[in-house]
Amino acid sequence: MTVVEEVKRRHEADLLKTPGVVGVGIGRKEGRECIRIYVSKETPKILEALPRSLEDVPVEVVVSGLFKAR
Amino acid sequence: MKPLEAKQVCECLYLGVKMDGMTPSVHPNVVGVGVAHKSSRGAFADDLAIRFYVRHKLHHLLVREAERIPPEIEGVPTDVVESREFSIWRPIPPIYHRKVRPAMGGLSIGHYDITAGTLGCLVKDRRARYVLSNNHVLANENRGGEGDPILQPGRFDGGKLDRDVLGRLVTYVALDSGGLNLVDAALAEPHNPDDVTPDVLNIGRLKGTREPELEEEVRKSGRTTRLTQGVVEDASATLRVGYSRGTFVFTDQIIVGARSGAFSAGGDSGAIVVGHDGKAVGLLFGGSPFFTVANKMTHVEKTLDVTIA
């Protein structure tokens with residue numbers, strides 16, 4: 001498991017408890033792996049509640065809307 | 001007589017339209033009557049003629065004398081054109097929504113009690129070959145029972161229990177409301193092995209299974225949005241997904257972003273997400289307004305103990 005995967009695993013349960021957060025994953029931004037936090041809507045409140053980075057791994061907030069079975 | 005009046009007489013004599021002082025009758029070959037310039041080898045004459053639209057235009061010697069259309073009616077010349085049958089324009093359903101045998105990946109399928117989803121592909125174990133799709137497509141979100149009929153096309157696309165049953169539900173991975181889910185998957189066994197083929201419509205034969213890679217280009221062929229392209233933006237997502245029975249948490253999922261438009265929509269569930277090398281990387285099962293979510297194909301194979309056929 002990579003460092004980013006370990007960091008994600010340590011924090012995902014807490015992040016998913018934050019109201020408005022619908023998912024946590026790993027993506028790439030400017031060539032570097034980052035933690036992606038999926039939110040149903042972009043609000044100033046949720047942006048303030050979420051970290052900019054986790055254990056030196058950058059965080060990207062992604063507006064996804066709600067996920068549903070298709 | 002003027003062409004329009006002569007035409008009214010013809011409507012009565014050839015199409016059976018009622019008219020005072022005349023006995024209506026129907027000609028077996030005439031489907032319409034109109035007024036137009038007489039056409040001959042692509043050129044139109046100056047004089048107006050009564051135009052007869054017929055199912056089949058034959059040489060006049062091949063037409064019984066009683067059924068021949070006279071060259072002139074009430075002093076107005078006649079013209080005969082072949083129109084075949086007139087009908088309203090019904091939309092032709094795309095092949096993705098139709099009954100196809102042998103059935104293949106990409107087509108409409110579903111448990112008899114759901115609307116419709118997508119047939120993913122064929123998988124096999126030591127015993128038999130099966131059709132792979134989602135639990136919520138083939139097993140109605142844990143509600144289905146072993147042996148339940150599976151329709152191709154699905155009910156929403158006109159699939160009927162008396163003529164469109166492809167096979168029966170064999171097994172599914174139960175969706176767990178309390179724990180972490182890895183796959184939304186189920187298997188159906190065709191009643192007749194010749195009724196299915198391992199091809200995926202517009203993609204071809206799958207060349208095995210592998211893990212997805214971040215930022216790789218992928219394709220899928222599904223019932224609703226058909227063949228689309230996307231990019232793997234996340235290959236290890238944990239997320240909440242809404243179902244009719246409530247919300248389930250999935251882990252180690254693939255998130256696909258669209259190249260243009262949408263990568264998937266309702267009814268595409270069950271489609272296989274395929275890499276540039278023709279290998280299966282995911283089993284599509286959900287999405288948000290901006291993304292598509294798929295299970296990793298490696299988890300699907302391991303959980304159901306099958307491999308791609």
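No hydrogens, no waters, no symmetry mates; every other heavy atom, side chains included, goes into these values. The sequence lines fix the lettering, A, B, ..., with proteins before strands; numbering per chain opens at 1.
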J.: Decide yes or no for B:L151 and B:V165: does some side-chain heavy atom of the first lie under 4.5 Å from some side-chain heavy atom of the second?
T.: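 Yes, side chains in contact.
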J.: Any luck finding a side-chain donor-acceptor pair between B:Y96 and B:D268 under 3.5 Å?
T.: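 No.
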J.: Measure distances from B:F291 to the heavy atoms of chain A and classify the residue's part below 4.5 Å as side chain, backbone, both or neither.
T.: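 B:F291 touches chain A through backbone and side-chain heavy atoms alike.
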J.: Answer with side chain, backbone, both or neither: which region of B:V293 has an atom nearer than 4.5 Å to a non-hydrogen atom of chain A?
T.: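 Just its side chain gets close to chain A.
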J.: Run the salt-bridge test on B:E215 and A:R28 with the 4.0 Å N-O cut-off and return the result as yes or no.
T.: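 Yes, this pair counts.
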J.: I'd like to know which of B:G266, B:G287, B:S269, B:A237 tops the heavy-atom pair count under 4.5 Å against chain A.
T.: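 Among the listed options, the one with the most contacts to chain A is B:G287.
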J.: Salt bridge between B:E216 and B:R210, side-chain N to carboxylate O under 4.0 Å?
T.: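 Yes, this pair counts.
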J.: Do the ring planes of B:H136 and B:Y243 sit parallel (below 30°), tilted (30 to 60°) or perpendicular (above 60°)?
T.: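 Taking B:Y243 first and then B:H136, their aromatic rings stand perpendicular (interplane angle over 60°).
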J.: Name the member of A:E12, A:R36, A:K8, A:E33 that forms the most heavy-atom pairs with chain B at distances under 4.5 Å.
T.: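 Option with the greatest count: A:R36.
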J.: At a 4.5 Å cut-off on heavy atoms, which part of A:L16 comes close to chain B: side chain, backbone, both, or neither?
T.: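 For A:L16, backbone and side chain are both near chain B.
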J.: Please examine the side chains of B:L122 and B:V131, heavy atoms only from C-beta on, and report whether any two atoms are closer than 4.5 Å.
T.: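 The answer is yes; the side chains approach within 4.5 Å.
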J.: Look at B:S288, B:G286, B:A235 and state which one has the largest set of heavy-atom pairs under 4.5 Å with chain A.
T.: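 Heavy-atom pair counts peak at B:S288.
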J.: May I ask you to check whether A:F67 and B:F250 place their ring centres under 6.0 Å from each other?
T.: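 No, they do not, as the ring centres are separated by 6.0 Å or more.
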J.: Among B:G270, B:A265, B:G267, who wins on heavy-atom pairs under 4.5 Å with chain A?
T.: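 Option with the top pair count is B:A265.
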J.: I'd like to know which of A:V62, A:V22, A:L15 tops the heavy-atom pair count under 4.5 Å against chain B.
T.: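 Of the options given, most contacts go to A:V22.
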J.: Could you tell me which portion of B:T247 (side chain, backbone, both or neither) has an atom closer than 4.5 angstrom to a non-hydrogen atom of chain A?
T.: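 Contact with chain A is absent: no heavy atom of B:T247 under 4.5 Å.
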J.: Examine whether an atom of A:V21 lies under 4.5 Å from a heavy atom of chain B, and if so say whether it belongs to the side chain, the backbone or both; otherwise answer neither.
T.: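 Only the backbone of A:V21 comes within 4.5 Å of chain B.
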